[in-house]
There are 2 protein chains.
Amino acid sequence: MRRDVFQAIADPTRREILNMVAYQPLNVNSVAEHFDVSRTAIYKHMKILIECGMIDIKQQGRERYCEAKLTKLNEVSDWIEQYKQFWTTKLDSLEQYLEELQKEKPITTKKKKNGTSKSTR
Amino acid sequence: MRRDVFQAIADPTRREILNMVAYQPLNVNSVAEHFDVSRTAIYKHMKILIECGMIDIKQQGRERYCEAKLTKLNEVSDWIEQYKQFWTTKLDSLEQYLEELQKEKPITTKKKKNGTSKSTR
DNA sequence: ATTTTGTGCAACCAAAAGGTTTCATATATT
DNA sequence: AATATATGAAACCTTTTGGTTGCACAAAAT
């Protein structure tokens, strides 16, 4: 089973959990209480976050306090960063590209016998 | 079924597809050829990307050219941005927090009769 | 000592995800 | 006209997800 940051933050419940423990360490039950689903369901989400290193757990008596370790988010923002240029500069380049392709076409597609071959249905 | 950017980029195949069409518009088959799985499988990924507005499609004869529309990634980087402070400043605050909690404990745990001993929120 | 609380885990379930094969159809190509 | 190509979609299958209930057990609290 995949266990990476991209996968981890894909789920809205997990993003909410991260948000909660980002501001303040909380024990498992405190986190679970914020949601409608069962504690176990939330715990499973938390386990995924633990397994991919996005939250840290420390036992404290019978409680376990969780804290967000958000450094891993760099992996995501780095990935995004490399594309920033594309949506800041290359606006609507598809149409341009196709227009150019259109002009070239006569050369590449020249092998037509004659004009309108078929009725356009 | 959820159809948001977070979910869209969670899959590595879809990230790869985005990467391909970010640099140059490509038709469906060209994209599919780069992968081991079937064209249909890739098309399904592309459909998801189309549905959440991350790629744009333009018919060109019998081919359909796809281009990445990466603006949506702002949604993700904005979400991450709000947490940047947490992993640049609050290093290992959990231990600190627990130490403080340890000191307070005798005080905080004292109020029992009055209910609402629900953990810190 | 007994009960309550906080937690983890197993067993089970329905739905979604990701894949395959097959078919239909419109557009080229010959 | 006949064939090849590019694509979309349906039907089906397996694995993963996200959820549930129930039990076990250690640490408080009574």
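Just so we're on the same page: letters track the sequence lines, and every chain starts at 1. Scope of the values below: all heavy atoms of this structure, side chains included, with no hydrogens, waters or symmetry mates. None of the values given here were measured: they were computed from a predicted structure.
Here the C1' atom of nucleotide dA28(C) and the CD atom of Q59(B) are 13 Å apart, to the nearest Å. One interatomic measurement links the two molecules: CE of M46(A) to P of dG19(D), which rounds to 14 Å at whole-angstrom precision. Here the P atom of nucleotide dA9(D) and the CD1 atom of I48(B) are 13 Å apart, to the nearest Å.
The phosphate of dA17(C) (OP1 or OP2) has no side-chain N or O of H45(B) nearer than 4.0 angstrom. Residue Q7(B) has no polar side-chain atom (N or O) positioned under 4.0 Å from OP1 or OP2 of dA16(C). Of the side-chain N and O atoms in N29(B), one or more sit less than 4.0 angstrom from OP1 or OP2 of dA6(D). Contact annotation: Y43(A) does not reach the phosphate of dT7(C) (side-chain N/O to OP1 or OP2, under 4.0 Å). Between R39(B) and dT20(C) there is no side-chain N or O to OP1 or OP2 distance below 4.0 Å. For R14(B), a side-chain nitrogen or oxygen approaches OP1 or OP2 of dG18(C) to under 4.0 Å. Listed pair S38(A) / dT20(D) meets the phosphate criterion, a side-chain N or O lying under 4.0 Å from OP1 or OP2. Side-chain nitrogen and oxygen atoms of K47(A) include at least one within less than 4.0 Å of the OP1 or OP2 phosphate oxygen of dC9(C).
In this structure, the separation between CD1 on I9(A) and CG on L73(A) is 6.0 Å, given to the nearest 0.5 Å.
Looking only at atom types and distance, the side chain of Y83(A) has a donor-acceptor partner in the side chain of N19(B) under 3.5 Å away.
Taking the ring centroids of F6(A) and F6(B), they lie at or beyond the 6.0 Å cut-off.
In terms of modelled atom types and a separation under 3.5 Å, the side chain of R14(B) and the main chain of A8(B) share a donor-acceptor contact.
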